[in-house]
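As structure tokens, the structure follows; a few thoughts come after it.
All heavy atoms count here, side chains included; hydrogens, waters and symmetry mates do not. The chains referred to below are lettered A, B, ... by the order of the sequence lines, with proteins before strands, and numbering in each begins at 1.
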Amino acid sequence: MKPVIEILNTRIADAMTAATGESDCLAIVKQSGDVKFGHYQANGCMALAKRVKTNPRELAAKVVENLKIDDICETPEIAGPGFINLTLKNDFLSDRLMEIAADDKERLAIDKTSTPKKVVVDFSSPNIAKQMHVGHLRSTIIGDTIARILNFLGHDVIKQNHIGDWGTQFGRVILGLWHLCMAQKHGNTYYRTELKELKDCKEDDGKLKELCLAIRDRHEKDWEEDRLDKRGDGEVLFHPYIKKLKGLDKGELWSQFLEVYQYVNLVEESITGMNLEVPSRKMIDGEYVYSNMPYESVSRLATVMLQNEDDQENKAWEYISELTLNYCQKIYDRLSVLLTEDDVCGESFYKDRLPGIVEELKDKDLATESEGAMCVFPEGFTNKEGNPLPFIIQKSDGAFLYATTDLAAINYRIKELDAEKIIYVTDARQQLHFQMLFATAKAAGWLTDDVEVSHVTFGTMMGEDGKPLKTRSGENVNLSDLLDEAVERASKVVEAKNPDLGDAEKASIANAVGIGAVKYADFSNNRTTDFIFSFDKSLAMEGNTAPYMQYAYARVKSIERKAVDKGIDVAAELTSLDTLNITEPAEMDLALHIIRYSEAINVAAGDCRPNYLTAYLYDLAQKFSTFYNACPVLIATEDKRPTRLMLCDLTAKTIAHGLTNLLGIEVVEKM
RNA sequence: GCGCCCGUAGCUCAGUCGGAUAGAGCACUGGUUUCCUAAACCAGGGGUCAGAGGUUCGAAUCCUCUCGGGCGUACCA
């Protein structure tokens with residue numbers, strides 16, 4: 001079933017052509033803002049009148065003469081400078097609703113696209129060795145809903161979770177494991193105490209330096225001592241430790257690892273600029289060469305070593321990556337995000353392709369060396385000094401970085417996944433990166449005109465103070481903590497409002513409401529701007545929130561339950577209906593809105609803007625609430641009751657479909 | 001400096017690519033429960049769409065400039 005707006009667009013455009021002889025006329029049909037202008041309005045006559053140099057009102061009259069639309073609308077009215085106002089016929093509305101109700105494929109009679117595409121959606125993409133925090137929430141759920149919507153519309157969607165598992169932090173992972181191993185040697189968790197100390201003396205330069213010196217000294221000593229044959233071979237402790245990793249308790253290792261990873265990062269941050277050095281070794285022409293290196297470069301050295309040498313340290317990294325994904329999967333499941341391990345295709349997936357990517361760009365004379373790094377200088381990008389801005393594809397130390405993996409990924413998606421469209425869902429700060437990525441991929445001939453790339457950006461999630469959401473101690477808010485709090489708060493509301501429900505039911509409602517509220521708050525904001533997150537507002541029953549809609553749904557379900565008590569056979573009344581008896585304004589308003597669902601989905605999909613969909617659903621829930629108050633269902637007379645039951649049923653189906661199928665938010669029978 | 005995003009009611013935000021009198025919610029004021037969940041509904045006040053020019057039948061929306069905010073700008077992602 002085609003959206004009404006599409007039918008109107010086609011019919012009016014044809015009439016415009018018939019009236020003027022002009023081809024490709026645009027009818028520009030929109031939903032009217034005010035019922036006094038009908039249900040839809042066509043705005044195309046003004047523009048066309050200019051094109052053919054005639055009076056727009058006269059043209060509109062001519063168009064109406066040529067318009068065959070009496071199967072859908074009342075007689076069109078011409079208003080203002082040349083609007084054509086259209087009001088749907090009651091019978092047409094009724095037929096539409098009946099058709100939606102008759103759909104047995106749970107698609108609410110919404111057609112799949114006639115031009116399906118293979119679409120890659122790149123989203124979520126958390127980093128290895130980190131807990132997901134609120135910064136990952138938006139990409140994860142916005143990407144998920146985009147994938148769901150496009151899939152519903154019939155596109156062939158390939159989800160790609162491009163996890164950050166091969167960049168610089170890669171070396172930090174190994175360094176973290178090294179510290180865990182050394183902590184075992186010392187018989188204490190020094191990383192834990194020092195993590196706290198480092199934070200505490202952040203402001204005190206003298207103390208900080210003293211602490212960092214001690215850390216460096218111990219590091220050197222540990223490194224020197226861990227040798228069987230050559231200095232720093234790690235054969236006594238570190239390598240045996242890595243071999244045993246798989247035998248360790250997963251939960252315990254994960255929590256230790258999170259801590260030590262923070263430690264590695266903080267140490268590196270703290271020592272930068274202190275000119276501390278540690279001994280290191282490098283393989284040069286098959287021989288180890290020993291020299292001192294800046295302490296802050298240790299993790300980078302580890303990255304290079306690991307990207308070059310392939311051994312058990314690689315396996316250790318693989319293991320940590322598995323641990324991370326294991327944890328992420330729990331969050332995805334909690335969020336009802338459809339990602340699975342099958343969708344994981346992270347940076348490391350491309351590791352063997354990276355040298356080839358760099359070589360190819362060199363061969364094509366696109367990549368050149370600059371300040372020791374291998375760079376592409378795509379046209380049109382300049383830095384602060386006005387010089388060409390480099391897109392660095394290989395660092396001066398030889399390591400690859402995210403530009404390289406993203407280039408490999410775009411190449412893979414186009415050439416091997418046969419993507420016709422690629423959507424990247426990341427925060428707005430990465431815009432320049434993606435512009436340069438696309439420019440480079442175009443210059444290399446990988447990205448051609450028949451492939452559409454789109455960077456779907458979003459702003460930062462702010463706390464109620466208007467600053468990026470952080471904990472009191474200044475850290476990123478852990479995503480699972482945020483969800484816990486939302487569920488906790490929701491459960492208090494459930495307890496207060498509906499104390500008679502069973503414990504299991506309360507818990508399940510609290511979960512649906514809490515998680516739904518967090519997700520919905522995000523969706524309902526225009527994704528391009530930063531938005532201020534507030535538990536109170538998200539969980540409020542008033543306004544454009546998940547609970548408000550879940551409540552509308554629960555009320556419909558309640559009517560259905562009460563109907564049974566009253567001996568009303570809802571199913572029978574619904575099937576006995578062949579035409580609706582719509583008389584009240586509230587019924588009409590609701591009915592009209594229900595048939596517009598597909599229009600909302602199309603608009604949301606076209607711009608990858610979930611807030612269009614939430615706005616639609618909120619309107620629907622509001623119109624239902626108005627209807628609910630104005631038009632009693634179960635005590636209605638026999639001629640009205642089936643129609644009202646039908647409106648209830650379709651409202652519930654639409655809300656459930658929008659929330660659950662497209663947004664991944666659960667509905668509840670009671671709340 | 002340059003680039004991108006943004007500036008709409010006291011607050012938080014919409015505004016479907018130029019359409020008619022700029023919309024919600026919160027907060028504020030008043031009203032509605034012998035009636036299907038009042039976690040709701042109804043009514044009311046509240047605006048120089050940051051400012052100034054321009055484009056045209058018509059601008060919150062497009063162009064130019066100014067002011068104000070955020071982000072990015074060579075080896076993090």
Side-chain angles (χ1 to χ4, degrees), chain A residues 28 30-34 36-37 41 43 46-47 49-50 56 79-83 85 125 127 164 167-169 300 347 370-375 380-387 389-397 399 401-403 405-406 426-433 435 457 459-460 464 493-494 496-498 524-526 528-532 534 536-537 540-545 547-548 550-552 554-563 565-566 599-600 602-604 606-607 609 611-612 614-616 618-619 622 625-626 628-630 632-636 644 648 670-671:
Chain A
I28 318 183
K30 309 210 163 185
Q31 295 177 6
S32 297
D34 192 321
K36 77 181 176 206
F37 302 131
Q41 60 183 55
N43 302 336
M46 279 89 83
K50 193 189 292 180
F83 298 105
N85 291 340
S125 310
N127 283 336
T168 305
Q169 81 276 36
R300 264 174 281 172
E347 293 174 343
S370 168
E371 297 179 28
M374 193 53 65
C375 308
F381 298 90
T382 52
N383 65 10
K384 285 173 215 165
E385 288 78 38
N387 298 322
L389 188 66
F391 191 54
I392 299 174
I393 56 172
Q394 191 171 16
K395 301 200 283 184
S396 50
D397 61 11
L401 64 172
Y402 73 129
T405 47
D406 272 338
T426 81
D427 69 286
R429 289 175 305 192
Q430 296 193 40
Q431 204 174 52
L432 183 62
H433 167 73
Q435 282 172 357
T457 62
T460 310
E464 290 187 77
V493 181
V494 176
K497 301 285 181 187
N498 224 335
S524 57
N525 269 78
N526 180 337
T528 59
T529 47
D530 295 344
F531 89 101
I532 296 185
S534 146
D536 288 335
K537 286 200 172 136
M541 203 53 52
E542 309 87 36
N544 189 5
T545 65
Y548 180 82
Q550 288 166 321
Y551 179 59
R555 282 165 126 189
V556 177
K557 292 292 142 181
S558 176
I559 290 176
E560 288 172 5
R561 284 192 301 270
K562 288 274 159 53
D565 298 345
K566 292 196 173 204
E599 294 172 15
N602 284 326
V603 174
D607 266 6
R609 285 179 194 262
N611 67 308
Y612 290 156
T614 58
Y616 169 84
Y618 178 54
D619 276 348
Q622 265 188 322
S625 288
T626 301
Y628 180 91
N629 274 49
V633 179
L634 299 179
I635 57 169
R644 291 183 180 176
C648 286
K670 294 179 189 172
M671 67 182 282

Give A:Y548 one of three labels, base, sugar-phosphate or nothing, depending on what nucleic acid heavy atoms sit under 4.0 Å from its own. sugar-phosphate

What's the CD1-C1' distance between A:I28 and B:G18, to the nearest Å? 9 Å

Answer with base, sugar-phosphate or nothing: what part of the nucleic acid does A:D406 contact at a heavy-atom distance below 4.0 Å? nothing

Between A:N383 and B:G72, does any side-chain N or O lie under 4.0 Å from OP1 or OP2? no

How far does the C1' atom of B:G7 sit from the matching atom of B:C42, given to the nearest Å? 34 Å

Below the 4.0 Å mark, does B:A38 have OP1 or OP2 next to a side-chain nitrogen or oxygen of A:R555? yes

Quick one: does A:E542 reach the base of B:A40 with a side-chain donor-acceptor pair under 3.5 Å? no

Does A:K30 have a side-chain nitrogen or oxygen under 4.0 Å from the phosphate oxygens OP1 or OP2 of B:C17? yes

Is A:T626 close enough to B:C42 that one of its side-chain N or O atoms is under 4.0 Å from OP1 or OP2 there? yes

According to the 5.5 Å centroid and 30° plane-angle thresholds, does A:F83 stack upon the nucleobase of B:G19? no

Can you tell me if the side-chain N/O atoms of A:N526 get under 4.0 Å from OP1 or OP2 in B:G15? yes

Side-chain donor or acceptor of A:N629 under 3.5 Å from a matching atom on the base of B:A38? no

